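First the proteins, then the strands, lettered A, B, ... as listed; each starts at 1. Small disclaimer: the values here were computed from a predicted structure and weren't measured.
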Amino acid sequence: MPSKLTAPRGTQDILPPQSGAWLELESRIHDLARRFGYAEIRTPVFEGTELFVRGVGETTDIVEKEMYTFLDKGERSMTLRPEFTAPVMRAALEHNLFSQGPQRLYYVGPIFRYERPQKGRYRQAHQFGVECTGFSGPEADAEVIALAWELVRSYGLTDATLNVNSIGDDVCRPRYRQALLEHFRPHAAELSADSQRRLEKNPLRLLDSKDERDRPFVESAPAFASVLCDACREHDDALQALLSACGIPFVVNSRIVRGLDYYTRTVFEITSSALGAQSTVCGGGRYDGLVKSLGGPDVPAVGFALGLERFLMMAEAVHGARVAPRDGVQAIALGAQARAVALPMVMELRRLLRAPVFMDFDDRKLLAHLKIADRNKARYALILGSDELAAGTVVVRDLETREDRRVPLGRAADVAAALGESRA
RNA sequence: GUGAUCGUAGCUCAGUUGGUUAGAGCGCCUGACUGUGACUCAGGAGGUCGCCGGUUCAAAUCCGGUCGGUCACCCCA
């Protein structure tokens with residue numbers, strides 16, 4: 001292919017019929033969130049860079065090397081959002097939402113990360129996520145997890161696994177860190193180069209290393225559960241009991257640590273074998289310190305982000321590409337005169353019917369028009385030629401049963417009724 | 001950022017040790033069929049062989065670079 005204009009690396013165009021799957025997912029997301037009592041929030045696609053540096057964490061990979069940052073014409077450093085949590089908290093803070101009690105917010109939209117693309121990973125990706133603020137108890141954790149799981153469940157994604165873990169709080173995390181250091185340090189020389197580097201910086205990260213050399217040490221590492229403080233222990237136990245009571249299947253996975261700095265206590269991931277190496281479709285947890293660190297009140301929060309591209313990949317792996325059922329009407333008018341009569345009726349039908357009404361304006365033979373109807377997966381064809389015009393009728397052909405019916409050409413409502421699909 | 005691998009019609013791919021005008025299937029258009037679709041048959045359109053440079057009498061084919069796709073590492077949705 002000649003190197004003409006192409007979509008930037010790591011981005012993709014979503015064309016029909018794939019865009020149909022997106023539309024359906026998004027509409028189910030809005031419906032699901034609404035039923036859980038969450039309201040949508042929309043924030044700018046770019047923000048001042050400082051927000052992400054403070055909100056996501058200065059030493060995280062996202063901030064260190066994955067952000068699309070640029071100077072605007074006023075010399076301000078701006079960044080395309082690499083995630084939603086910091087912007088949502090910023091907006092909530094800016095508009096004083098926290099002084100109005102607990103908030104249940106959700107978002108859907110694109111995020112940007114400058115990474116090498118691979119399966120399930122893009123430079124522009126789309127996320128659905130929720131943020132539940134103002135509740136410090138495990139019920140909020142359970143609610144948020146239940147919401148994410150409900151989406152997975154409603155799609156029948158049977159190969160998904162919910163992994164839950166606790167990474168403690170200010171009291172016990174330092175203790176755990178210490179325990180890990182003591183565990184790994186004696187074997188430092190035997191660890192992978194990456195892990196040696198991570199050891200002093202962030203020993204928690206060693207736990208999700210995929211390197212074979214690290215495996216034996218990771219497996220024998222102490223679980224966070226062994227050093228959890230009483231408060232965190234209680235929170236975690238209660239969460240697990242709630243999940244069980246709600247009939248949500250989960251596994252406790254002590255290797256789930258999450259990469260963003262702001263998490264406290266509960267962390268969880270929904271993973272699937274259908275996604276290749278990027279096996280996480282949804283990740284989230286509690287981040288009680290985030291709002292305060294952004295200069296706001298001490299408000300607890302839980303949330304998650306779910307990758308739409310990855311979710312759709314899972315859905316396709318389980319269900320295959322969907323075959324759309326026949327739906328709608330193809331209006332076929334033969335000749336200019338017939339078109340002039342048909343067009344107003346088509347417009348009227350588009351008001352009366354819920355299903356799509358297709359019409360091609362080219363001068364073609366009936367045969368060609370029927371082929372187009374077939375390609376459009378129309379259920380009915382409305383045929384208006386010179387014979388019909390003279391008789392004041394229109395032929396309604398059921399493209400599935402191949403039955404023809406003649407109905408009077410008078411009112412579109414009669415035609416709609418003949419199609420038996422008029423809108424309530 | 002690192003590594004592997006691949007770039008030939010809209011799509012999926014052939015193309016023999018470098019050798020004339022680069023092929024197939026699907027899709028698209030037209031016709032067989034004055035007005036009744038998934039089948040059939042016959043035609044047709046569509047390609048600077050990703051791009052740039054090199055080797056050669058000769059490059060889709062060999063070499064180098066570059067861009068892009070894919071997969072993995074890192075990290076994450």
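- Side-chain proximity of K365(A) to the nucleotides G31(B), G37(B), C71(B) is greatest for G31(B).
- Among the protein residues, F128(A) comes within range of no part of the nucleic acid, since none of its heavy atoms lies under 4.0 Å from any strand.
- Side chain of P117(A), nearest nucleotide from U70(B), C73(B), G35(B): U70(B).
- Of the nucleotides present, G1(B) is the one that pairs with C73(B) by Watson-Crick or G-U wobble criteria, both distances under 3.5 Å.
- Atom pair R113(A):CZ and G1(B):C1' shows a separation of 17 Å (rounding to whole Å applied).
- We find that CD of E400(A) is positioned 16 Å from P of G37(B), with the value rounded to whole Å.
- In this structure, G276(A) reaches the sugar-phosphate backbone alone: every heavy-atom distance under 4.0 Å involves primed, P, OP1 or OP2 atoms, never a base.
- Taking every side-chain heavy atom of L370(A) into account, U36(B) is the closest of G1(B), U36(B), C75(B).
- Ion pairing of E83(A) with R81(A) is absent here, as no side-chain N (NZ or NE/NH1/NH2) approaches a carboxylate O to less than 4.0 Å.
- The separation of G69(B) from A32(B), taken at their P atoms, amounts to 46 Å, rounded to a whole angstrom.
- With C33(B), A77(B), U2(B) as the choices, the nucleotide that has an atom nearest any side-chain atom of R116(A) turns out to be U2(B).
- Look at CD1 on I383(A): it is 10 Å from P on G37(B), rounded to the nearest Å.
- Between the side chain of R402(A) and the base of A38(B) there is at least one donor-acceptor pair of N/O atoms closer than 3.5 Å.
- Across all strands shown, G18(B) forms no Watson-Crick or G-U wobble pair with both key distances under 3.5 Å.
- The cationic atom of R123(A) (NZ for Lys, CZ for Arg) does not lie both less than 6.0 Å from the six-membered ring centre of F112(A) and within 45° of the ring axis.
- C29(B) atom P lies 12 Å from atom NE2 of H369(A), rounded to whole Å.
- G7(B): Watson-Crick or G-U partner is C67(B), with both key distances under 3.5 Å.
- Both I111(A) and R397(A) lie close to RNA chain B; mapped to their nearest nucleotides by heavy-atom distance, the more 5′-ward contact belongs to R397(A).
- Nearest-nucleotide positions on RNA chain B for R406(A) and R121(A) put R406(A) closer to the 5' end.
- Nearest approach of R173(A) to I167(A), heavy atoms of both residues: NE-O, 3.1 Å.
- Checking each of F128(A), Y107(A), Y106(A) against H30(A) for a ring-ring contact (aromatic ring centres under 6.0 Å, His included) leaves exactly one that passes, namely Y106(A).
- Separation of the P atoms belonging to G64(B) and G25(B) is 36 Å when rounded to the nearest angstrom.
- Whole-Å rounding puts the D61(A) CG to C75(B) C1' distance at 5 Å.
- Distance NZ (K371(A)) to P (U40(B)): 11 Å, rounded to an integer number of Å.
- Residue L367(A) has its side chain nearest to G37(B) when only G3(B), G37(B), G35(B) are considered.
- Residue contacts for L308(A): at a heavy-atom cut-off of 4.0 Å it reaches no nucleic acid atom on any strand shown.
- Of the listed nucleotides (U36(B), C74(B), A77(B)), C74(B) has the atom at the smallest distance from the side chain of K65(A).
- A gap of 34 Å separates the C1' atoms of C11(B) and G54(B), to the nearest Å.
- Within the 4.0 angstrom heavy-atom criterion, only backbone atoms of the sugar-phosphate kind lie near R364(A); the bases stay farther away.
- Nucleotides A9(B) and G46(B), compared at atom C1', are 6 Å apart to the nearest Å.
- Base-pair partner of G27(B): not found among the strands shown (Watson-Crick or G-U wobble, both distances under 3.5 Å).
- Across all strands shown, G385(A) has heavy atoms under 4.0 Å from base atoms, whether or not it also approaches the sugar-phosphate.
- Under a 3.5 Å cut-off, the side chain of S279(A) and the backbone N or O of L275(A) do not form any donor-acceptor pair.
- Residue-level contact check: A373(A) touches neither bases nor backbone, having no heavy atom under 4.0 Å from any strand.
- The distance from atom OH of Y263(A) to atom C1' of C75(B) is 14 Å, rounded to the nearest whole Å.
- In this entry U36(B) has no Watson-Crick or G-U wobble partner, no candidate having both defining distances under 3.5 Å.
- Within 4.0 Å of E115(A), counting heavy atoms only, lies at least one base atom of the nucleic acid.
- As rounded to the nearest Å, C62(B) and A24(B) have C1' atoms that lie 27 Å from one another.
- When heavy atoms are screened at a 4.0 angstrom cut-off, R9(A) is found touching the sugar-phosphate backbone but no base atom.
- A distance of about 33 Å separates the P atoms of C13(B) and C75(B), rounded to the whole Å.
- Atom-to-atom, CD of Q118(A) to P of C74(B) comes out at 10 Å; the value is rounded to the nearest Å.
- Within a 6.0 Å sphere centred on OH of Y114(A), other residues, nucleotides and ligands contribute 12 heavy atoms or fewer.
- Checked options T280(A), N163(A), N253(A), T161(A); the residue passing with E269(A) is T280(A) (criterion: side chain to side chain donor-acceptor pair (under 3.5 Å)).
- Here the separation of A77(B) from U40(B), taken at their C1' atoms, is 50 Å to the nearest Å.
- When heavy atoms are screened at a 4.0 angstrom cut-off, E388(A) is found touching base atoms of the nucleic acid.
- Nearest nucleotide to the R375(A) side chain, out of C29(B), C75(B), U36(B): C29(B).
- Remark: R28(A) is positioned above the aromatic ring of Y155(A), its terminal NZ or CZ atom under 6.0 angstrom from the ring centre and at most 45 degrees off the axis.
- Summarising the base pairing, C62(B) is matched to G54(B) through a Watson-Crick or G-U wobble pair whose two defining distances lie under 3.5 Å.
- Looking at heavy-atom distances under 4.0 Å, G335(A) makes no contact with the nucleic acid at all.
- No option in D327(A), T401(A), D398(A) other than D398(A) meets the side chain to side chain donor-acceptor pair (under 3.5 Å) test with R379(A).
- Nucleotides G31(B) and U12(B), compared at atom P, are 30 Å apart to the nearest Å.
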